[in-house]
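The structure under discussion appears below in the form of structure tokens.
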Amino acid sequence: MSLERLIIKDFRNLADCDLTLSDGFNYLIGDNGSGKTSVLEAIHFLGHGRSFRSHLTKRVIRHEQEALFVHGKIHQADQSPLPVGITKRRDGVTEVKIAGQTNQKLAQLAQIVPMQLITPEGFELLTGGPKFRRSFIDWGVFYLHPEFYNAWSRLTRLTKQRNAQLKRATQYREVAYWDAELALLCEQIDAWRRDYVEAVTARAAEICHAFLPDFEIRLSYYRGWDKESEYRQLLADNFERDCQLGYTVSGAHKADLRIKIGAIPVEDVLSRGQLKLMVCALRLAQGLHLTEKTGKQCLYLIDDFASELDSQKRGLLAQSLAQTGAQVFISAINEAQIGEMSSENGKMFYVENGKITAG
Ligand SMILES: Nc1ncnc2c1ncn2[C@@H]1O[C@H](COP(=O)(O)OP(=O)(O)OP(=O)(O)O)[C@@H](O)[C@H]1O
Ligand SMILES: [Mg+2]
């Protein structure tokens with residue numbers, strides 16, 4: 001799967017761009033503020049219906065315009081190209097179009113265009129709170145188990161309702177109503193996540209070994225409640241504590257992936273460049289695992305490729321990306337920063353004041 005053509009309208013400073021892409025590497029070269037990250041953000045928007053930089057759509061729509069529009073023509077092996085598009089208006093209305101059909105769901109669009117984003121802020125995966133690692137795990141589970149999305153949405157809704165009730169309840173039976181279903185969902189989600197983490201960490205360990213040979217990195221999954229307890233029983237046992245705090249303390253909504261070197265969290269051991277390599281290793285492992293299990297290829301969006309990495313590490317990363325066979329989008333300030341990649345088949349795009357010319 002790759003994007004053959006990309007049309008972007010009124011997205012940040014990009015007024016109107018129409019790009020014919022390489023199914024290998026696509027380089028976005030331009031000065032600060034030219035619009036490189038905006039191109040990556042637009043591609044990400046196509047796959048997620050939201051920006052990775054702002055929760056406010058009005059910040060993303062080009063100044064003084066009513067709506068943004070991103071359209072992609074997707075190449076699929078042995079099939080005719082699939083057109084997909086998203087429009088987001090200033091009033092918040094989103095329209096998703098897939099193969100000419102309007103009113104399609106964002107989750108469906110995400111299934112069609114899986115993508116991995118690597119930005120200079122991407123350290124959050126290692127240094128931020130558990131929610132970043134939960135979404136790392138859930139990215140993979142989403143693509144492997146079509147039922148995950150509904151189960152996860154239902155879990156989120158039930159947990160909210162239970163938490164609201166906890167604030168009023170005086171006896172366990174007043175919240176018990178939610179707990180049977182909550183327990184089933186948590187156990188199912190936990191089983192999917194556990195299997196996924198086991199498989200993807202085996203792959204990630206191999207890549208980490210190539211990227212960071214001096215470190216023995218250990219990844220362990222925490223399901224959100226202790227190993228010994230049966231979740232349904234735990235909810236009953238924790239009732240008083242949950243009531244005092246006003247929310248459900250344990251559960252799949254608290255899952256995490258603990259990443260350590262020896263007994264120390266990685267962020268206390270690795271340098272910034274090493275952290276970036278570790279994030280790349282984890283994301284590459286996810287893409288490779290997805291392809292192995294489903295045959296789907298994910299796109300890689302890499303913003304400010306050169307930041308934090310020396311020339312040897314850039315070469316290593318370029319080589320690993322090329323080996324995935326995936327379509328890759330890379331932004332850099334100038335061509336010298338991507339010198340290590342010039343041997344990789346690709347297409348240059350020069351970005352200047354929101355206008356893009358193919359090289
Ligand atoms: N809603 C908007 N409408 C128009 N322009 C915007 C909007 N939001 C941001 N911009 C402008 O878009 C430009 C492009 O920003 P972008 O972050 O894509 O640049 P960049 O090429 O990635 O730069 P850098 O190399 O510094 O990361 C900036 O000048 C920014 O001020
Ligand atoms: Mg940028």
Side-chain angles (χ1 to χ4, degrees), residues 3 6-19 21-22 25-72 85-95 115-125 272-273 275-276 279-280 283 299-311 314 317-318 321 327-341 346-359:
L3 272 174
L6 177 69
I7 297 173
I8 307 172
K9 289 200 164 110
D10 295 328
F11 196 105
R12 303 266 187 201
N13 70 336
L14 308 167
D16 194 353
C17 308
D18 185 347
L19 312 178
L21 302 164
S22 156
F25 282 57
N26 294 275
Y27 304 103
L28 301 159
I29 309 290
D31 290 339
N32 294 134
S34 56
K36 307 178 295 297
T37 304
S38 302
V39 177
L40 300 179
E41 196 182 10
I43 299 172
H44 184 271
F45 206 96
L46 186 62
H48 297 80
R50 62 183 159 78
S51 156
F52 60 81
R53 290 200 284 189
S54 175
H55 295 301
L56 301 173
T57 310
K58 63 179 183 207
R59 302 262 158 87
V60 186
I61 298 171
R62 194 160 72 94
H63 300 321
E64 291 160 29
Q65 302 303 310
E66 256 325 291
L68 63 79
F69 170 72
V70 188
H71 168 91
I86 184 162
T87 303
K88 186 109 189 177
R89 297 207 313 250
R90 232 169 239 283
D91 59 12
V93 172
T94 308
E95 279 167 31
M115 52 184 85
Q116 285 286 350
L117 172 73
I118 298 171
T119 66
E121 298 77 34
F123 296 141
E124 284 166 333
L125 177 60
R272 288 180 63 85
L275 284 171
K276 175 161 176 171
V279 169
C280 293
R283 303 233 172 258
L299 310 183
Y300 286 94
L301 310 177
I302 307 187
D303 196 19
D304 202 358
F305 170 75
S307 75
E308 319 282 358
L309 299 181
D310 63 44
S311 152
R314 286 182 215 166
L317 178 56
L321 282 165
Q327 189 178 33
V328 183
F329 294 82
I330 282 174
S331 79
I333 307 261
N334 54 44
E335 286 174 57
Q337 290 190 329
I338 51 156
E340 297 77 9
M341 311 194 101
K347 198 162 173 182
M348 288 286 182
F349 294 95
Y350 297 96
V351 189
E352 203 180 342
N353 284 330
K355 301 231 168 351
I356 306 177
T357 17

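Whatever order the structure lists them in is the order used to number ligands and atoms, beginning at 1. All residue numbers refer to positions in the sequence shown, counting from 1.
Taking the six-membered ring where the residue is Trp, the centroids of Phe349 and Tyr27 are separated by 6.0 Å or more.
Using a 4.0 Å threshold on non-hydrogen atoms, atom 9 (C) of ligand 1 counts as touching the protein. Protein heavy atoms are absent from the space less than 4.0 angstrom from atom 31 (O) of ligand 1.
Residues meeting the side-chain contact (heavy atoms from CB on, under 4.5 Å) test with Thr357, sequence neighbours left out: Tyr350. Applying the side chain to side chain donor-acceptor pair (under 3.5 Å) test to Arg90 and every residue at least two apart in sequence or in another chain returns nothing.
For the side-chain hydrogen bond (donor to acceptor under 3.5 Å, both in side chains) condition, the pairs that include at least one residue of residues 41-50, sequence neighbours left out, are Arg12-Glu41, Glu41-Ser51, Glu41-Arg53, His44-His48.
With respect to the salt-bridge test (charged N to carboxylate O, under 4.0 angstrom), the residues Glu95 and Arg89 qualify.
Inclusion of Arg53 in the set of residues having an N or O under 3.5 Å from an N or O of ligand 1 is warranted. Taking distance alone, with nitrogen or oxygen atoms compared against 3.5 Å, Gly30 stays at or beyond that limit from ligand 1.
Under the 3.5 Å distance criterion, the side-chain polar atoms of Lys347 are left unmatched by any main-chain donor or acceptor of Asn26.
Across Lys36, Arg12, Glu352, heavy-atom proximity to atom 20 (P) of ligand 1 is greatest for Lys36. Here the shortest heavy-atom distance to atom 22 (O) of ligand 1, taken over Thr119, Thr37, Asn13, Asp10, belongs to Thr37.
Contacts between Ile333 and ligand 1, counted as non-hydrogen atom pairs separated by less than 4.0 Å, involve the side chain only.
Close approach to Arg59 involves these atoms of ligand 1, each under 4.0 Å from a residue heavy atom: 1 (N), 2 (C), 8 (N).
For Asp31, the closest heavy-atom approach to ligand 1 falls below 4.0 Å. By the 4.0 Å heavy-atom criterion, Gln65 is excluded from the residues contacting ligand 1. Residue Ser34 places a heavy atom under 4.0 Å from ligand 1.
Inside a sphere of radius 2.8 Å centred on the Mg ion (ligand 2), the protein N/O/S atoms present are Thr37 OG1.
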